[in-house]
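Report on the following structure.
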Amino acid sequence: MDLKGKVAVVTGAGQGIGREVSLLLANHGANVVVGDLNIEAANMVANEVTEIGTEGFGYKVDVSDKDNAQSFIDSAIDTFGRIDILVNNAGITRDSMLHKMSEEQFDQVINVHMKGTFLCMQAAAKHMRQNETGKIVNISSIAGKVGNIGQVNYSGAKAGIVGMTKAAAKELAKFQVNVNAIQPGFIDTDMTRAVPEKIRQKKIEEIPMLKIGSPSDIAKAVVFLSSDYSDYITGNVIEVTGGRYM
Ligand code: NAP
């Protein structure tokens with residue numbers, strides 16, 4: 001899969017899945033704008049991209065803020081002249097049982113996942129429509145399909161991302177812009193390392209492949225959906241779960 005000369009923008013890319021996505025996109029030839037709340041982390045990943053041999057550019061962005069998201073996408077275009085690939089990956093959890101969940105916990109999760117994905121897609125799609133080419137990959141979660149206890153906010157946001165993906169895919173198909181989503185299962189990052197060990201082990205035992213996924217398992221699916229190997233695939237959701245919930 002050749003992404004030589006392509007320009008990719010990845011959100012929440014300072015660590016975890018977003019970092020791995022940025023590095024694998026670079027390994028396939030793409031220049032990468034590495035967006036994250038944490039600018040030090042974003043710059044470190046951008047340096048790793050540059051070491052691979054393409055151009056990396058770190059940017060501090062809060063994807064849930066309209067002006068911030070717009071300037072993030074604008075700066076990618078100012079730097080590289082175009083955007084070919086957008087990966088909406090930034091994410092947080094604010095877990096609580098439904099009867100205890102605060103409005104703030106609900107709003108924070110919806111704002112980062114759903115509003116952030118909306119704002120970045122909207123800003124990038126304007127350019128992709130004009131260029132009549134583009135790939136948008138939204139990172140949902142298997143929680144959006146099955147629902148997780150203690151995650152009404154997160155499960156709702158991740159299901160919402162699937163709906164947004166399909167609606168945007170229908171709108172953008174005639175401009176040859178593909179919009180797809182990935183639903184990761186249980187992946188080894190800081191997000192899941194925060195899960196208590198006993199629950200973590202139980203979740204791993206429930207995976208048919210009997211192992212936790214790695215960020216690179218998700219990155220490989222993102223690269224596929226960012227490449228011309230997926231040119232006739234749009235509005236789709238790929239589950240990367242080791243067989244869980246098949
Ligand atoms: P992670 O290690 O916590 O990384 C998430 C990144 O997003 C962090 O660098 C974080 O920055 C950044 N971020 C948070 N809020 C942001 C905002 N408003 N604007 C910009 N960046 C922001 O999590 P991960 O496991 O790699 O998750 C990546 C994506 O995969 C998320 O959308 C997550 O929901 C999804 N996912 C993960 C799993 C899993 O098992 N790990 C499963 C299904 C789906 P700070 O660290 O500075 O806050």
Side-chain angles (χ1 to χ4, degrees), residues 9-24 33-46 58-73 75-76 86-95 105 107-121 123 137-148 151 153-162 164-165 181-195 199-200 203-204 206-207 211-219 221-222 237-242 244-245:
V9 176
V10 185
T11 71
Q15 64 178 54
I17 292 171
R19 170 179 173 270
E20 202 65 32
V21 165
S22 301
L23 300 183
L24 200 61
V33 181
V34 178
D36 203 282
L37 274 179
N38 179 340
I39 184 62
E40 285 82 23
N43 282 337
M44 273 169 66
V45 175
Y59 196 94
K60 180 175 168 60
V61 62
D62 175 356
V63 294
S64 65
D65 179 272
K66 188 177 188 330
D67 293 342
N68 232 225
Q70 183 68 54
S71 358
F72 171 53
I73 298 295
S75 85
L86 167 67
V87 184
N88 284 304
N89 166 80
I92 58 168
T93 50
R94 297 288 182 268
D95 296 354
Q105 284 172 315
D107 287 346
Q108 282 177 339
V109 168
I110 297 295
N111 282 343
V112 174
H113 291 276
M114 280 193 69
K115 194 170 160 197
T117 297
F118 161 69
L119 292 172
C120 292
M121 276 209 296
V137 184
N138 295 327
I139 306 299
S140 169
S141 165
I142 203 69
K145 179 181 168 180
V146 301
N148 278 350
Q151 291 194 322
N153 48 4
Y154 184 80
S155 305
K158 291 306 203 183
I161 286 175
V162 171
M164 286 163 59
T165 298
I182 294 172
Q183 291 189 319
F186 198 55
I187 309 299
D188 192 13
T189 67
D190 281 1
M191 192 177 269
T192 49
R193 281 178 214 128
V195 173
I199 300 174
R200 221 175 116 84
K203 279 184 174 280
I204 294 170
E206 287 168 356
I207 299 168
K211 60 179 182 186
I212 194 164
S214 70
S216 97
D217 290 321
I218 308 306
V222 172
V237 182
I238 299 183
E239 294 177 17
V240 185
T241 61
R244 186 83 169 106
Y245 305 115

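Order of appearance sets the numbers: ligands from 1, and atoms from 1 within every ligand. Given the structure is predicted, the values throughout are model-derived calculations rather than measurements.
Using modelled atom types, no side-chain atom of Thr11 and backbone atom of Asn88 make a donor-acceptor pair closer than 3.5 Å. Here the side chain of Asn43 pairs no donor or acceptor atom with the backbone of Glu40 at under 3.5 angstrom. Judged purely by atom type and a 3.5 angstrom limit, Thr192 has no side-chain atom pairing as donor or acceptor with the backbone of Phe186. Lys158 places a side-chain N or O within 3.5 Å of a backbone atom of Ile139 that can act as its donor or acceptor partner. Although no hydrogens or angles enter the test, the distance criterion places no donor-acceptor pair under 3.5 Å between the side chain of Thr93 and the main chain of Asp95.
For atom 6 (C) of ligand 1, the closest non-hydrogen atom on the protein side is Gly12 O, 3.5 Å. Of all protein heavy atoms, the one lying nearest to atom 17 (C) of ligand 1 is Leu37 CG, 3.6 Å. Of the protein's heavy atoms, Ile139 CG2, 3.4 Å lies nearest to atom 30 (O) of ligand 1. At the shortest separation from atom 24 (P) of ligand 1 among protein heavy atoms lies Thr189 OG1, 3.6 Å.
Residue-to-ligand polar distances place Gln15 within reach of ligand 1: an N/O pair is separated by less than 3.5 Å. The shortest N or O to N or O distance between Ser141 and ligand 1 is not under 3.5 Å. The shortest N or O to N or O distance between Val63 and ligand 1 is under 3.5 Å. Any N or O atom pair closer than 3.5 Å counts here, and Tyr154 shares at least one such pair with ligand 1.
Not a single heavy atom of Gly35 sits closer than 4.0 Å to an atom of ligand 1. Heavy atoms of Arg19 stay at 4.0 angstrom or farther from ligand 1.
Ranked by closest heavy atom to atom 45 (P) of ligand 1, the top entry among Asp36, Asn89, Val45, Ile218 is Asp36. Taking only non-hydrogen atoms, the option from Gly16, Gly91, Pro215 nearest to atom 5 (C) of ligand 1 is Gly91.
Contacts between Ile17 and ligand 1, counted as non-hydrogen atom pairs separated by less than 4.0 Å, involve both the backbone and the side chain. Both the backbone and the side chain of Ile187 come within 4.0 Å of ligand 1, counting heavy atoms alone. When heavy-atom distances to ligand 1 are checked against a 4.0 Å cut-off, Asp62 comes that close through both its backbone and its side chain. Residue contacts with ligand 1 for Gln183 are absent, since no atom lies close enough (heavy atoms, distance under 4.0 Å).
Of all atoms in ligand 1, numbered sequentially from 1 with element shown, those under 4.0 Å from a heavy atom of Gly185 are 40 (O), 42 (C), 43 (C). Heavy-atom proximity to Asn38, at under 4.0 Å, picks out these atoms of ligand 1: 47 (O). Using a 4.0 Å cut-off to heavy atoms of Phe186, the atoms of ligand 1 that qualify are 40 (O). Under a 4.0 Å criterion applied to the non-hydrogen atoms of Thr192, ligand 1 contributes the atoms 39 (C), 40 (O), 41 (N). Taking a cut-off of under 4.0 Å to the non-hydrogen atoms of Ser140, the atoms of ligand 1 that pass are 44 (C). The atoms of ligand 1 that sit less than 4.0 Å from any heavy atom of Ile92 are 14 (C), 15 (N). Below 4.0 Å from some heavy atom of Val112 lie the following atoms of ligand 1, by number and element: 15 (N), 18 (N). Interface of Val61 with ligand 1, defined as ligand atoms under 4.0 Å from a residue heavy atom, comprises 19 (N), 20 (C).
Here the closest non-hydrogen pair linking Gln108 and Ile92 is O-CD1, 3.6 Å. The two atoms that bring Ile73 and Ala123 nearest to each other are CG1-CB, 3.7 Å, heavy atoms only.
Side chains of Arg200 and Ile212 form a contact here, defined as non-hydrogen atoms less than 4.5 Å apart. Between Glu20 and Ile218 there is no side-chain heavy-atom pair separated by less than 4.5 Å. Under the 4.5 Å side-chain criterion, counting only non-hydrogen atoms from C-beta, Phe72 is in contact with Val33.
The one candidate from Val45, Val222, Asn89 that meets the side-chain contact (heavy atoms from CB on, under 4.5 Å) condition with Val21 is Val222.
Within 6.0 Å of the CE atom in Met44, the count of heavy atoms belonging to other residues, nucleotides or ligands does not exceed 12.
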Begin with the C-alpha distance, continue with both residues' side-chain angles, and end with the deciding distance and a verdict on salt bridge (Lys or Arg N to Asp or Glu O under 4.0 Å) for Asp188 and Lys211. CA-CA 10 Å; Asp188 192 13; Lys211 60 179 182 186; over 6 Å; no
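Looking only at atom types and distance, the side chain of Thr117 has no donor-acceptor partner in the side chain of Asn138 under 3.5 Å away.
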